[in-house]
2 protein chains.
Amino acid sequence: MDKIFKALASEPRRRILHHLAAEPMTVGEIADNFEMAMPSISKHLAVLKEAGVVREQKRGQYVLYTLAADRLSGQLYDFLAPFCDQAREIAEARPRRRGRE
Amino acid sequence: MDKIFKALASEPRRRILHHLAAEPMTVGEIADNFEMAMPSISKHLAVLKEAGVVREQKRGQYVLYTLAADRLSGQLYDFLAPFCDQAREIAEARPRRRGRE
DNA sequence: TAGTCATTTTCCTATTTAGCTAAATAGGAA
DNA sequence: TTCCTATTTAGCTAAATAGGAAAATGACTA
């Protein structure tokens, strides 16, 4: 739970998620939308991946990043569950995935 | 949107929210549940208040802090809306409050 | 008034984080 | 192999953050 909030506590990282919501993209394509240098984007992606909210696929020399919207919303519903009835219902209705963190 | 994620990106602050979910508490009562010194708790509460997820009421020399669960969940649903249909429905159904940022 | 209690503010230090450039890694093409 | 492109890693500096101790504020009590 710590990782996801640390990951989301960054405007550039939240912007990256919005870009990935449109379609999966390579690091370079993402970087084209930012002023930031590519290594910085790469590190932001590593943080998002560590938090489980994006997935990466090696495509030859490219790395394609995909939004894991289910993990993003799932973790936030889990967090909200103790504070909000609707979130608790949603969280409980969600299939619990095994293994992945 | 930045303030709330910065606020939640701290385990002590998330623990404080859980305590306040049970009942409103003074700074001292909250601090009794932590190893941390009271000034540190006070500063964490200021961050949470700035993010709009707790409210404070002066009670003589005491300050009573209350969880603003509606603001907490409301902001997270707003964030999730672009990523999750259920969140979008909930966010749109919520009465938009004016003025309070 | 002085004294006490609850809380916040100030000031300080240690740690973490963000961003950069340069170098390293790895895949594809010639 | 060599070259080129995409991405990550390393190393650095500047800025932000967390926490503590001590001082300041504000409210109640004797």
Side-chain angles (χ1 to χ4, degrees), chain A residues 1-20 22-68 72 75 79, chain B residues 1-20 22-68 72 75 79:
Chain A
M1 197 53 70
D2 203 58
K3 284 179 184 171
I4 190 173
F5 283 119
K6 290 260 167 62
L8 296 178
S10 153
E11 208 230 297
R13 285 195 288 265
R14 293 194 302 275
R15 279 181 58 200
I16 289 175
L17 294 182
H18 279 102
H19 284 290
L20 292 180
E23 58 178 348
M25 295 170 98
T26 66
V27 182
E29 289 170 335
I30 297 168
D32 289 342
N33 294 285
F34 291 80
E35 304 281 302
M36 223 174 294
M38 178 149 23
S40 305
I41 299 291
S42 182
K43 271 189 277 188
H44 282 307
L45 285 164
V47 173
L48 292 168
K49 183 185 151 203
E50 190 62 25
V53 295
V54 305
R55 302 188 173 95
E56 77 175 14
Q57 299 169 330
K58 301 272 163 75
R59 283 273 184 280
Q61 54 191 328
Y62 298 84
V63 180
L64 197 62
Y65 279 91
T66 309
L67 178 66
L72 174 61
Q75 290 191 75
F79 168 76
Chain B
M1 198 52 70
D2 203 58
K3 282 179 185 171
I4 190 173
F5 283 118
K6 289 259 167 61
L8 295 178
S10 153
E11 208 229 298
R13 285 196 287 265
R14 293 193 304 275
R15 279 181 57 200
I16 289 174
L17 293 182
H18 279 102
H19 284 290
L20 292 181
E23 57 177 349
M25 295 171 98
T26 66
V27 182
E29 289 169 336
I30 297 168
D32 289 342
N33 294 285
F34 291 80
E35 304 281 301
M36 223 174 294
M38 178 153 18
S40 304
I41 299 291
S42 180
K43 275 184 276 191
H44 282 306
L45 285 165
V47 173
L48 292 169
K49 183 185 150 201
E50 190 62 25
V53 295
V54 305
R55 301 185 229 271
E56 77 176 13
Q57 299 169 331
K58 301 271 163 73
R59 282 275 185 277
Q61 54 191 327
Y62 298 84
V63 179
L64 197 63
Y65 279 91
T66 309
L67 177 66
L72 174 60
Q75 291 191 76
F79 168 76

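Since the model is a prediction, treat every value here as computed from it, not as a measurement. Below, read A as the first sequence line, B as the second, and so on, with proteins coming before strands; counting in each chain starts at 1. Hydrogens, waters and symmetry mates play no part in the numbers below; they use all other heavy atoms, side chains included.
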What are the atom names and distances for every N/O pair under 3.5 Å that joins the protein to nucleotides 27-30 of chain D?
none

Strictly under 4.0 angstrom, non-hydrogen atoms only: write out the protein contact profile of nucleotides 14-23 of chain C, one letter per nucleotide from the 5' end, B, S or -. ----SBBBB-
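Taking every heavy atom of residues 25-32 of chain A and every atom of DNA chain D, pairs under 4.0 Å involve A:T26, A:V27, A:G28, by number.
Looking at heavy-atom distances under 4.0 Å, A:F34 makes no contact with the nucleic acid at all.
The phosphate of C:dT8 (OP1 or OP2) has no side-chain N or O of B:Y62 nearer than 4.0 angstrom.
With a 4.5 Å cut-off on side-chain heavy atoms, A:V27 and A:M38 count as touching. Contact of the B:R55 side chain with the B:K49 side chain is not registered, since no non-hydrogen atoms from C-beta on lie closer than 4.5 Å. When side chains are defined from C-beta on, B:V63 does not count as touching B:T26, because their heavy atoms never get closer than 4.5 Å. Side-chain atoms of B:Q57 and B:T66, non-hydrogen and from C-beta on, do get closer than 4.5 Å to each other. Residues B:K58 and B:L64 fail the side-chain proximity criterion, which asks for heavy atoms closer than 4.5 Å. For the pair B:L20/B:I30, a side-chain contact is recorded, criterion being any heavy-atom separation below 4.5 Å from C-beta on.
Atom pair A:K58:NZ and D:dT5:C1' shows a separation of 16 Å (rounding to whole Å applied). The distance from atom CD of B:Q57 to atom P of C:dT8 is 13 Å, rounded to the nearest whole Å. Atom CD of B:E50 is separated from atom C1' of D:dT17 by 16 Å (rounded to the nearest Å).
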For DNA chain C, what string of dots and brackets results from 5' to 3' when Watson-Crick and G-U pairs need both distances under 3.5 Å, crossing pairs get [ ], and pairs with another strand get |? ||||||||||||||||||||||||||||||
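Within 6.0 Å of CD on B:E29 lie more than 12 heavy atoms contributed by other residues, nucleotides or ligands.
By the side chain to side chain contact (heavy atoms under 4.5 Å, CB included) test, B:D32 is found to be paired with no residue, residues two or more places apart in sequence or in another chain being considered.
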Given the rule in the side chain to side chain contact (heavy atoms under 4.5 Å, CB included) test, do B:V54 and B:L72 qualify, once you have shown the distances and angles that lead to the verdict? CA-CA 8 Å; B:V54 305; B:L72 174 60; over 6 Å; no
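Applying the ring pair (Phe, Tyr, Trp, His ring centres under 6.0 Å) rule to pairs touching residues 25-46 of chain B yields B:H19-B:F34, sequence neighbours excluded.
Taking all atoms of both residues into account, the shortest heavy-atom contact from B:I4 to B:A51 is CA-CB, 3.9 Å.
Between A:F79 and A:F5, the ring planes are perpendicular. Angles over 60° get that label, and only those under 30° would be called parallel.
Of the inter-residue distances, the one linking B:I41 atom CD1 with B:M25 atom CE reads 10.5 Å to the nearest 0.5 angstrom.
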